[in-house]
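Structure, as structure tokens:
Chain A is the first sequence line, chain B the second, and so forth, proteins listed ahead of strands; every chain is numbered from 1.
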2 protein chains.
Amino acid sequence: MSPRIGLDLPTILQAAVEIADTRGLEEVTLASLAQKLDVRSPSLYNHVNGLSGLRSKLAVHGLEQLLHVMTQAVVGRSGDDAVRELGKAYVAFARAHPGLYDATLRAPDPQDEEVRRLAGETVDLVVRALQAYELKDDAALHAVRGLRSLLHGFSSLEQRGGFGLPLDLDVSFRLLLDTFLAGLHEMKRRAKAESKPT
Amino acid sequence: MSPRIGLDLPTILQAAVEIADTRGLEEVTLASLAQKLDVRSPSLYNHVNGLSGLRSKLAVHGLEQLLHVMTQAVVGRSGDDAVRELGKAYVAFARAHPGLYDATLRAPDPQDEEVRRLAGETVDLVVRALQAYELKDDAALHAVRGLRSLLHGFSSLEQRGGFGLPLDLDVSFRLLLDTFLAGLHEMKRRAKAESKPT
DNA sequence: TTAAATAACTAATATCGTTAGTTTTATATT
DNA sequence: AATATAAAACTAACGATATTAGTTATTTAA
């Protein structure tokens with residue numbers, strides 16, 4: 001039932017990731033991929049639904065890995081420590097896999113079932129990491145969005161060389177995270193003061 | 001000295017912006033642009049240095065507009081008010097011109113003189129907007145990076161539909177900005193406590 | 001040993017960016 | 001006013017790309 005097991009999906013994805021991370025996501029073409037795998041490009045259609053299908057698979061693959069490293073980063077931690085490690089893991093992943101990280105965001109269908117599942121799991125993970133701040137109702141979800149914005153924004157700008165200044169990037173990131181966390185604590189204090197007026 | 005003044009750069013850029021904002025930046029091709037302008041694609045080479053040249057021009061054009069709306073947003077304001085208006089103007093621009101905003105970031109050469117100039121001016125503007133927080137030395141520049149990360153991250157994720165949750169985006173953004181500002185104030189307090197110990 | 005299923009192939013098409021060379025036309029010059 | 005020049009727009013052609021259709025080959029199952 002499976003003749004000629006030369007190529008398979010993991011092999012294809014591995015090669016695609018390699019191209020994406022070294023040459024950039026836009027260099028991941030069926031032609032370049034086929035060449036790397038020593039195969040003619042139409043052969044790839046037996047494993048992947050064209051270029052857009054490949055990109056989808058790549059996006060899911062990246063989201064899985066990102067979720068994994070984030071999960072590892074927060075286990076056994078809570079509060080500022082958890083958020084800091086989460087953040088560090090996020091930017092470390094984006095730095096180690098620039099092309100793959102790119103792929104997770106230019107993911108086509110937010111409709112895609114797999115993508116939705118992974119996105120949901122990621123939100124859950126971050127919500128748990130933020131438990132210490134006692135955010136009520138939607139506030140936790142807004143905070144997740146905020147943290148994600150900040151992490152993605154930093155990673156994205158770093159990758160694109162958007163930071164022209166000769167300034168240590170790790171320091172910038174640490175300060176950004178510190179500022180956000182300080183803000184979170186302040187918001188918590190304000191909420192407490194609100195519910196328990198003087 | 002200028003025969004056949006049919007096409008010119010502003011006209012071309014306007015058409016390109018229109019395609020970018022309605023169909024997405026990747027749909028801005030010499031072919032689609034030529035069709036929209038009722039011209040053959042090689043004719044565009046008389047005004048623009050190929051597709052990459054067009055993208056550069058588009059990036060500069062977008063950066064100019066973005067800097068302009070940001071400048072308008074902060075004039076006559078200071079402190080939290082200035083930062084809040086700056087942030088609102090930023091995301092409003094990204095929402096109104098998704099394709100053009102995209103172009104400002106996938107700008108090729110950070111080496112480009114025009115790009116560097118605009119980037120520098122933008123940094124200066126934001127530094128001035130942050131004056132009220134009395135950030136010392138590099139701290140102001142780190143804060144600029146942080147604010148930009150947060151603004152870009154939010155805009156980028158919003159555009160890509162990366163926020164799957166059914167939650168008001170404006171509220172998320174306001175809270176994110178509030179949290180960042182609260183953090184900035186807290187950092188200022190800590191710095192004061194440091195320099196003037198008990 | 002043979003049949004079926006499937007992977008990989010060749011061939012072909014449409015679209016894209018790009019270059020080279022030609023034609024056309026508005027402006028400048030006589 | 002007639003002409004020369006410069007620049008814009010054109011046609012033709014090439015290489016690269018994704019994709020489809022149809023063919024060949026090979027592994028597995030019967």
Side-chain angles (χ1 to χ4, degrees), chain A residues 1-61 99-100 102-103 106-109 112, chain B residues 1-61 99-100 102-103 106-109 112:
Chain A
M1 260 203 192
S2 56
R4 264 205 249 191
I5 20 129
L7 272 187
D8 60 357
L9 195 55
T11 305
I12 290 177
L13 281 182
Q14 183 187 332
V17 169
E18 216 168 299
I19 296 174
D21 285 341
T22 55
R23 289 191 259 158
L25 184 58
E26 43 318 323
E27 294 294 322
V28 178
T29 69
L30 293 186
S32 68
L33 190 54
Q35 188 180 14
K36 188 181 185 75
L37 293 166
D38 206 39
V39 139
R40 308 293 176 156
S41 58
S43 306
L44 297 172
Y45 282 78
N46 288 315
H47 304 272
V48 143
N49 188 17
L51 183 60
S52 69
L54 173 66
R55 291 195 174 133
S56 286
K57 299 273 189 201
L58 211 49
V60 170
H61 189 240
L100 185 55
D102 223 22
R106 296 206 228 157
D109 315 304
D112 185 302
Chain B
M1 261 202 191
S2 55
R4 263 206 250 191
I5 20 127
L7 271 187
D8 60 356
L9 195 55
T11 306
I12 290 177
L13 281 181
Q14 184 186 332
V17 169
E18 216 168 299
I19 296 175
D21 285 341
T22 55
R23 289 190 259 158
L25 185 58
E26 48 313 326
E27 293 294 321
V28 178
T29 68
L30 293 186
S32 70
L33 190 53
Q35 188 181 13
K36 187 181 186 76
L37 292 167
D38 206 38
V39 138
R40 307 295 176 156
S41 57
S43 306
L44 297 172
Y45 283 78
N46 288 315
H47 305 271
V48 142
N49 187 17
L51 184 59
S52 69
L54 173 65
R55 291 198 174 130
S56 287
K57 299 272 189 201
L58 212 49
V60 170
H61 189 240
L100 185 56
D102 223 21
R106 296 207 228 156
D109 315 304
D112 185 300

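Taking the side chain of B:Ser41 as heavy atoms from C-beta on, and the options D:dC10, C:dT18, C:dC9, the nearest nucleotide is C:dT18. Taking every side-chain heavy atom of A:Pro42 into account, D:dA21 is the closest of D:dA21, D:dC10, C:dC16. The side chain of A:Leu30 lies closest to D:dT19 when the candidates are D:dT19, C:dT19, D:dA9.
Rounded to whole Å, atom P of D:dA18 lies 11 Å from atom CD of A:Glu27. Summarising the geometry, the separation between CG on B:Leu37 and P on D:dC10 is reported as 11 Å, rounded to the nearest angstrom. Look at CD on B:Glu26: it is 13 Å from P on C:dG17, rounded to the nearest Å. Regarding B:Asn46, its CG atom lies at a distance of 12 Å from the C1' atom of D:dA6, rounded to whole Å. Between A:Arg40 atom CZ and C:dA11 atom C1' there is a gap of 12 Å when expressed in whole angstrom units. For B:Gln35 and C:dA14, the CD to C1' distance is 14 Å, given to the nearest whole Å. Atom pair A:Asn49:CG and D:dT20:C1' shows a separation of 13 Å (rounding to whole Å applied). One atom, OH of A:Tyr45, and another, P of D:dT17, lie 13 Å apart when rounded to the nearest Å.
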Kindly list each side-chain donor-acceptor pair under 3.5 angstrom involving residues 37-47 of chain A, sequence neighbours excluded, with atom names and distances?
| residue | atom | partner | partner atom | Å |
| --- | --- | --- | --- | --- |
| A:Ser43 | OG | A:Arg40 | O | 3.1 |
| A:Asn46 | ND2 | A:Ser43 | O | 3.4 |

Using a 3.5 Å cut-off and no angle test, enumerate the donor-acceptor pairs between side-chain atoms of residues 13-27 of chain A and protein atoms at least two apart in sequence or in another chain.
| residue | atom | partner | partner atom | Å |
| --- | --- | --- | --- | --- |
| A:Glu18 | OE2 | A:Lys36 | NZ | 3.3 |
| A:Asp21 | OD1 | A:Gly99 | N | 2.9 |
| A:Asp21 | OD1 | A:Leu100 | N | 3.0 |
| A:Asp21 | OD2 | A:His97 | ND1 | 2.6 |
| A:Thr22 | OG1 | A:Glu18 | O | 2.7 |
| A:Thr22 | OG1 | A:Ile19 | O | 3.4 |

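Put simply, B:Ser43 has no side-chain N or O that comes within less than 4.0 Å of OP1 or OP2 on D:dA8. Between A:His47 and C:dT6 there is no side-chain polar atom (N or O) within less than 4.0 angstrom of OP1 or OP2.
Nearest heavy atom pair, residue A:Ala59 against residue A:Ala103, reads CB-O, 3.4 Å. Heavy-atom minimum distance, A:Ser32 versus A:Thr29: N-OG1, 2.9 Å.
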